Amino acid sequence: MKTKPENHDTLDTNAWMSKGDASRARGVSRQAIWELVRRGRLTTRLHKGRVYVSRAEVMGFKPRPRGPAGTGYVKRKTIKRKKIKPPDASKWIYIVEAARQTGLPRLAIVDLVRRGRIKKLVNGTKTFVSRAGIEGFMRQRGAGLKNKFAKKK
């Protein structure tokens with residue numbers, strides 16, 4: 001922080017301003033002004049125990065480009081979204097629809113996908129599950145329930 005030594009003379013308000021005034025003039029927070037001072041982007045002066053910043057530097061402040069010094073701001077590439085065709089309805093079903101048809105909660109379907117019991121397909125922002133996987137799980141579930149509750153002889 002470049003701070004000029006304290007001078008007991010009067011402070012020239014045309015040349016110096018308080019941090020609060022600087023923040024209001026720039027439309028930023030006082031912490032932002034302190035950060036610029038800490039980085040050495042603004043010159044300060046100590047007068048009667050208070051810190052003042054250069055009015056000319058505050059009013060003429062130009063932000064630097066983002067990124068490492070010397071490289072300039074690197075623009076992000078914009079990616080054109082491709083039109084996504086919906087998957088084959090005879091093979092894939094939306095998770096919510098699978099939950100409705102099976103009577104299971106949606107999170108149960110998600111858990112089956114996570115454990116690898118059912119295949120999934122992500123298309124854009126929607127996740128689809130395999131119809132065959134859902135039907136196979138329901139067959140296993142139905143067979144397991146019948147055997148589990150069968151009467152013992």
Side-chain angles (χ1 to χ4, degrees), residues 1-4 15-46 50-153:
M1 169 167 70
K2 299 178 191 176
T3 304
K4 293 187 177 180
W16 301 95
M17 63 193 316
S18 69
K19 298 176 306 298
D21 291 340
S23 65
R24 283 187 288 278
R26 295 293 303 170
V28 297
S29 65
R30 285 180 296 140
Q31 291 83 359
I33 297 296
W34 266 120
E35 187 64 23
L36 292 173
V37 169
R38 188 186 67 78
R39 292 181 182 178
R41 302 282 309 272
L42 296 177
T43 306
T44 60
R45 179 177 179 189
L46 192 62
R50 297 189 69 188
V51 177
Y52 293 89
V53 293
S54 170
R55 182 179 298 273
E57 288 181 5
V58 169
M59 300 313 279
F61 180 78
K62 299 281 185 210
R64 289 184 188 157
R66 297 169 79 185
T71 61
Y73 179 71
V74 179
K75 288 187 177 181
R76 292 182 182 167
K77 292 182 181 179
T78 56
I79 300 171
K80 292 182 182 178
R81 293 188 177 238
K82 296 179 183 177
K83 290 187 179 180
I84 301 170
K85 292 189 286 185
D88 185 13
S90 64
K91 296 180 182 176
W92 300 95
I93 185 170
Y94 189 51
I95 286 183
V96 174
E97 188 60 33
R100 263 190 225 124
Q101 287 181 2
T102 60
L104 295 172
R106 184 185 59 84
L107 292 176
I109 304 291
V110 170
D111 190 46
L112 290 170
V113 169
R114 183 183 55 81
R115 288 189 281 151
R117 300 274 307 270
I118 300 173
K119 291 182 182 179
K120 75 173 181 176
L121 172 73
V122 179
N123 190 0
T125 58
K126 295 186 177 184
T127 304
F128 294 87
V129 292
S130 166
R131 263 188 204 275
I134 291 288
E135 290 167 1
F137 172 75
M138 291 309 289
R139 270 186 262 122
Q140 285 179 351
R141 181 176 176 224
L145 289 175
K146 288 178 187 172
N147 291 340
K148 188 175 185 179
F149 295 110
K151 290 183 181 178
K152 295 182 181 178
K153 293 183 179 178

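Keep in mind that what you see is a predicted model, and the values were worked out from it rather than measured.
Side-chain contact between Glu135 and Met138 is absent, with no heavy atoms from C-beta onward closer than 4.5 Å. Put simply, the side chain of Thr102 does not reach to within 4.5 Å of the side chain of Phe137, judged on heavy atoms. Contact check for Ile109 versus Ile134: side-chain heavy atoms found under the 4.5 Å cut-off. The shortest side-chain heavy-atom distance between Ile93 and Gln101 falls under the 4.5 Å cut-off.
Scanning for side-chain contact (heavy atoms from CB on, under 4.5 Å) contacts around Ala132 gives Ser130, with sequence neighbours left out. Remark: Phe128 engages Tyr94 in a ring pair (Phe, Tyr, Trp, His ring centres under 6.0 Å) (not counting sequence neighbours). For Arg100, the salt bridge (charged side-chain N to carboxylate O under 4.0 Å, His left out) test picks out Glu97, with sequence neighbours left out. In this view, Val58 and Met17, Ala22, Arg26, Leu42, Val53 satisfy the side-chain contact (heavy atoms from CB on, under 4.5 Å) rule, not counting sequence neighbours. In this structure, the side chain to side chain donor-acceptor pair (under 3.5 Å) partners of Ser18, at least two apart in sequence or on a different chain, are Asp21. Remark: Arg30 pairs with no residue by the salt bridge (charged side-chain N to carboxylate O under 4.0 Å, His left out) rule, at least two apart or across chains. Residues passing the side-chain contact (heavy atoms from CB on, under 4.5 Å) test with Ala32 are Val28, Ser29, sequence neighbours excluded. Judged as a side-chain contact (heavy atoms from CB on, under 4.5 Å), and not counting sequence neighbours, the contacts of Lys91 are Asp88. Contacts of Glu57 classified as side chain to side chain donor-acceptor pair (under 3.5 Å), with partners at least two apart in sequence or in another chain: Thr43.
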Could you walk me through whether Trp34 and Val51 pass the side-chain contact (heavy atoms from CB on, under 4.5 Å) check? CA-CA 10 Å; Trp34 266 120; Val51 177; 4.3 Å; yes
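Contact between Ala98 and Val129 at its shortest, heavy atoms only, is CB-CG2, 3.9 Å. Considering every non-hydrogen atom in both Met59 and Ala25, the closest pair reads SD-CB, 4.0 Å. Closest approach of Trp16 to Thr44, counting heavy atoms only: CZ3-C, 3.9 Å. Closest approach of Pro105 and Ala99 over heavy atoms only: C-CB, 4.2 Å.
Considering NZ of Lys62 and CZ of Arg41, their distance stands at 12.0 Å, rounded to 0.5 Å. Of the inter-residue distances, the one linking Ile33 atom CD1 with Lys19 atom NZ reads 10.0 Å to the nearest 0.5 angstrom.
Residue pairs meeting the side-chain hydrogen bond (donor to acceptor under 3.5 Å, both in side chains) criterion with at least one member in residues 103-118, sequence neighbours excluded, are Asp111-Arg114, Asp111-Arg115, Arg117-Gln140. Applying the ring-ring contact (aromatic ring centres under 6.0 Å, His included) rule to pairs touching residues 105-126 yields nothing, sequence neighbours excluded.
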